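Have a look at the structure below, then the notes.
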Amino acid sequence: MGISALLPALKSIERAAHVGDAYGGAKVCVDAYVWLHRGAYACSRELCEGVKTTKHVEYFVNRARGLRRSGVEAVFVFDGGRLPGKAAEEAQRRRNRREALDKAKTHARNGNASAANECYVRAVDVTPEMAREVIEALEREGFECLTAPYEADAQMAYLVKHGFVSAVITEDSDLIAHGCKSVFTKMSPDGSGIEIRFEELGKNRGMSFVGFTPQMFLEMCVLSGCDYLPSLAGVGLKKAHSLIRRFKTYNKVLRHMKFEGISVPKDYEARFVDALMTFKYSWVYCPKRQKLVNLNDPAGVLDEKTIADLPRLIGGVPPARDRESGGD
DNA sequence: CCACGGTAGACAT
DNA sequence: TCTACCGTGG
């Protein structure tokens, strides 16, 4: 998921730090997805078999307490609805989990507990109910939670962009593609991790981003292959980078490729634009205005017709609900 | 050099 | 489920 080769390429500008040293006294947002999954991992058999357990909730709350002990205030951001473009992938995942569950049950019947467990781990699903339990537990202890209308990524990018928080704690490189000021990844339970600052990009060794605008950086990411659009055959991060560095915009990159006779599927450009817009105009919740807005305001940037077409990519306006206490 | 497929190990207990 | 690393083939 995300932009696979991005984090390794940014090794030279990552800074090892303790979360408390980096953000003590500040407010950050936390991508709940990872902790939810790790918590589920700890009790996958129980969750799969419907055995009552609260281990996953305790795991999450413990890590939240750890953050608090480090002097970091956090808002925990949960995923909301799935984007239209991801339905097929979701269905495939469900099938895989189903298969793993069948295998787990067989192993369990045969008394092979360890083999069963390997399969349970692959069969666990993080359900909205589990998210709700975690949210309730967090709020009982005064932790702030927020359920994104769709992807947590976009929601967190919005929170950083408008200064509601000063950083994002996540494992997802998409937050860098979004241009987030500060991304804290690989955070272990003891609070150590690495920080990547967008302003440091110019100092990167190897791939140079000198002269790159955030837009160029995003276009490079999409060109190299992202969740919304696989890359052209033979194009990875390195090629995407040199193409954008040379031509500045995807427009000119594609024009160049046609000129060179490189085979590009005829719908690629349209799909590229779709992917870009999905990144830029995702629905997010604004805590201040207390309503849904687009991550970036399309008014005056996109024409009316294009704006009217956005729901095909970013989904419709989801029904109102109590976002600031989660739910779903 | 680079993309990419396959794969081993981590995740938490 | 996802990332990091390795060998291969372009």
Side-chain angles (χ1 to χ4, degrees), chain A residues 1-12 14 30-49 51 53-66 79 82 86 89-101 103-104 113-127 130 134 152-153 169-177 183-194 196 205-208 220-221 223-227 229-246 257 260 262-263:
Chain A
M1 271 239 291
I3 319 296
S4 48
L6 193 53
L7 283 185
L10 300 179
K11 267 268 183 323
S12 70
E14 66 181 40
V30 177
D31 191 350
Y33 173 88
V34 179
W35 294 2
L36 233 25
H37 271 277
R38 299 218 170 142
Y41 192 95
C43 50
S44 52
R45 186 187 58 83
E46 290 89 331
L47 291 171
C48 285
E49 296 294 349
V51 178
T53 178
T54 55
K55 272 185 196 161
H56 56 302
V57 178
E58 281 147 24
Y59 174 81
F60 201 115
V61 171
N62 268 331
R63 293 202 62 166
R65 288 177 185 147
D79 283 299
R82 283 279 157 217
K86 290 196 167 174
E89 190 188 334
E90 266 303 287
Q92 184 58 48
R93 295 228 163 122
R94 268 198 299 278
R95 279 195 292 276
N96 291 344
R97 283 195 296 263
R98 183 73 228 182
E99 246 176 71
L101 183 58
K103 284 182 187 165
S114 70
N117 216 45
E118 270 178 30
C119 296
Y120 279 128
V121 157
R122 287 184 288 123
V124 250
D125 184 22
V126 173
T127 64
M130 288 161 61
V134 168
D153 284 7
I169 295 177
T170 182
E171 302 302 314
D172 195 337
S173 53
D174 279 359
L175 272 298
I176 303 170
V183 176
F184 196 72
T185 63
K186 305 184 197 305
M187 187 183 133
S188 57
D190 71 5
S192 59
I194 61 170
I196 295 174
R205 298 295 149 203
M207 235 178 264
S208 168
M220 174 195 74
C221 288
L223 206 52
S224 80
C226 64
D227 291 351
L229 181 67
S231 69
L232 293 167
V235 177
L237 187 60
K238 293 288 167 79
K239 267 177 197 138
H241 169 260
S242 73
L243 285 166
I244 291 293
R245 187 181 50 179
R246 182 157 165 220
M257 293 207 251
E260 291 286 295
I262 299 164
S263 85

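Chain A is the first sequence line, chain B the second, and so forth, proteins listed ahead of strands; every chain is numbered from 1. Since the structure is predicted, the reported quantities are computational estimates derived from the model, not experimental observations.
Qualifying salt bridge (Lys or Arg N to Asp or Glu O under 4.0 Å) partners for E49(A), counting only residues two or more places apart in sequence or in other chains: K105(A). With sequence neighbours excluded, the residues that form a ring-ring contact (aromatic ring centres under 6.0 Å, His included) with F184(A) are Y23(A). In terms of the ring-ring contact (aromatic ring centres under 6.0 Å, His included) criterion, H56(A) has no residue partners (sequence neighbours excluded). Under the salt bridge (Lys or Arg N to Asp or Glu O under 4.0 Å) criterion, R65(A) pairs with E141(A), not counting sequence neighbours. Remark: E99(A) engages no residue in a side chain to side chain donor-acceptor pair (under 3.5 Å) (not counting sequence neighbours). When the side chain to side chain donor-acceptor pair (under 3.5 Å) test is applied to R246(A), no partner is found at least two apart in sequence or on another chain. Judged as a side chain to side chain donor-acceptor pair (under 3.5 Å), and not counting sequence neighbours, the contacts of T54(A) are E58(A). Taking the side chain to side chain donor-acceptor pair (under 3.5 Å) definition, one finds that S12(A) meets it with N204(A), sequence neighbours left out.
For the pair R95(A) CZ and dT1(C) C1', the computed distance is 17 Å after rounding to whole Å. The distance from atom CG of L101(A) to atom P of dT1(C) is 12 Å, rounded to the nearest whole Å. Rounded to an integer number of Å, the gap from CG of L10(A) to C1' of dA4(C) is 15 Å. One atom, CD1 of I176(A), and another, C1' of dT3(C), lie 14 Å apart when rounded to the nearest Å.
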Under-3.5 Å N/O pairs linking protein and nucleotides 8-13 of chain B:
| from | atom 1 | to | atom 2 | distance (Å) |
| --- | --- | --- | --- | --- |
| dC11(B) | N3 | Y41(A) | OH | 3.4 |
| dC11(B) | N4 | Y41(A) | OH | 2.7 |
| dA12(B) | OP1 | Y59(A) | OH | 2.5 |

Each nucleotide N or O in nucleotides 6-10 of chain C that has a protein N or O under 3.5 Å away: list the pair and distance.
none

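The phosphate of dC2(C) (OP1 or OP2) has a side-chain N or O of Y33(A) nearer than 4.0 angstrom.
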Distance-only donor-acceptor hits, side chain of residues 37-45 of chain A, under 3.5 Å, sequence neighbours excluded:
none

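Both K186(A) and R97(A) lie near DNA chain C, and the one whose nearest nucleotide falls closer to the 5' end is R97(A).
At the heavy-atom level, K11(A) lies nowhere under 4.0 Å from the strands shown.
The nearest pair of heavy atoms linking L223(A) to S231(A) is O-CB, 3.4 Å.
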Fill in the blank from the handout: Contact string for nucleotides 1-7 of chain B, one letter per nucleotide 5' to 3', B = base within protein heavy-atom range under 4.0 Å, S = sugar-phosphate only, - = neither, reads -SSS---
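Distance check: I176(A) CD1 to I196(A) CD1 gives 4.0 Å after rounding to the nearest 0.5 Å.
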